[in-house]
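First listed ligand is number 1; within each ligand, the first listed atom is number 1. Please read these numbers as outputs of a predicted model, since none were measured by experiment.
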Amino acid sequence: MVNKKKRIVVKVGTSTLTNELGNSNLRTIDKLAMVLSDIQNLGNEVILVSSGAIAVGANKMHLPEKPTTMRMKQAAAAVGQCSLMFLYDKFFGEYDKTVAQILLNAEDIRQEEKKENLTNTFNALLEQGVIPIVNENDSVSYTEIESQERLFSDNDVLSAVVSVLCQADLLVILSDIDGFYDKDPRLYKDAKLISRIENIDSSVYELAGGAGSRRGTGGMRTKLQAADLACAQGIDTIVTNGKDPEALYDIMKGLKVGTLFAGKRI
Ligand code: ADP
């Protein structure tokens with residue numbers, strides 16, 4: 001049976017794109033590019049939301065540690081965004097795909113006119129078979145880098161905003177963990193994966209711990225916020241592990257992978 005073609009947004013976090021040493025995880029980036037290209041070859045439309053600019057930039061600049069001041073974070077983001085797009089262009093290019101860079105900040109979504117321009121740009125790119133790669137404009141939107149509660153929180157919420165804007169059928173958030181558990185598996189060995197969640201209420205939020213891994217910044221709470229936003233607009237959201245991007249093939253077949261937050265039937 002041939003599945004209906006889908007518009008899918010895939011979000012990938014810093015912890016998937018870099019390794020333990022903070023260097024680019026080339027094998028995963030290459031695999032991700034291959035799988036997403038394949039999924040597009042099957043007639044689907046693909047948008048990638050990618051974090052990682054600050055980490056990749058800090059590494060490229062040989063900074064001894066993750067930058068802490070705003071000016072250094074923004075400088076690292078400017079260097080890293082360029083490196084990251086170079087890598088994506090190279091890997092997607094090998095699979096005969098063209099990518100485009102879209103950098104956003106909060107105002108771009110709040111203003112009606114900008115929002116409309118943005119939607120038109122996405123639609124034009126997708127019509128042309130281009131894969132848009134989206135990131136927060138970290139070198140400009142300092143309020144988000146600075147504040148504890150960054151608006152887009154390592155792009156989890158940004159990926160949901162993009163899904164809604166583009167009326168996607170599916171949002172997949174690739175993380176450093178297999179899905180959403182009944183408690184933080186890094187703290188509790190007996191944590192159990194929850195494969196489907198119908199309603200993201202306060203009892204679900206209570207299961208998410210604080211901010212996530214050393215390299216990631218969002219944690220599960222911001223993934224829940226993202227799923228909440230997308231599901232409210234009828235968009236199914238899946239949280240799963242990014243270490244094996246081939247899981248995306250199973251997701252496209254409708255198989256059970258990670259945690260599915262069911263979109264409201266509207
Ligand atoms: P990414 O960089 O992929 O966005 P994060 O490190 O920001 O990943 O968030 C994932 C982390 O959230 C997990 O590694 C885990 O330690 C933490 N976490 C907290 N509560 C939960 C939960 N209930 N289920 C799964 N992970 C959880």
Paired with Tyr95, the side-chain hydrogen bond (donor to acceptor under 3.5 Å, both in side chains) test is passed by just one of Asp30, Asn41, Asp38, namely Asp30
Could you tell me if any non-hydrogen atom of Glu206 lies under 4.0 Å from any atom of ligand 1?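 No, Glu206 has no heavy atom closer than 4.0 Å to ligand 1.
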| said: Less than 4.0 Å is my threshold; does some heavy atom of Lys223 fall inside it relative to ligand 1? | reply: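 Lys223: in contact with ligand 1 (<4.0 Å).
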Should [X] and [Y] count as an ion pair when the cut-off is N to O under 4.0 Å?
| X | Y | result |
| --- | --- | --- |
| Asp176 | Arg186 | yes |
| Asp236 | Arg265 | yes |
| Lys114 | Asp108 | yes |

Under 4.0 Å from one or more heavy atoms of Phe180, ligand 1 contributes atoms 23 (N), 24 (N)
Would you say [X] and ligand 1 have an N/O pair spaced under 3.5 Å apart?
| X | value |
| --- | --- |
| Asp176 | yes |
| Thr16 | no |
| Asp156 | no |
| Leu207 | yes |

Part of [X] with heavy atoms under 4.0 Å of ligand 1, whether side chain, backbone, both or neither:
| X | result |
| --- | --- |
| Pro185 | side chain |
| Lys183 | backbone |
| Lys243 | neither |
| Met220 | both |

Note to self: Donor-acceptor pair, distance only, cut-off 3.5 Å: does the side chain of Thr16 make one with the backbone of Val12?
What the structure shows: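 The answer is no, because no donor-acceptor pair under 3.5 Å joins these two groups.
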TODO: With side chain to side chain donor-acceptor pair (under 3.5 Å) as the test, would you mind laying out the steps for Tyr188 and Asp182 before giving the verdict?
DONE: CA-CA 10 Å; Tyr188 302 94; Asp182 59 356; over 6 Å; no
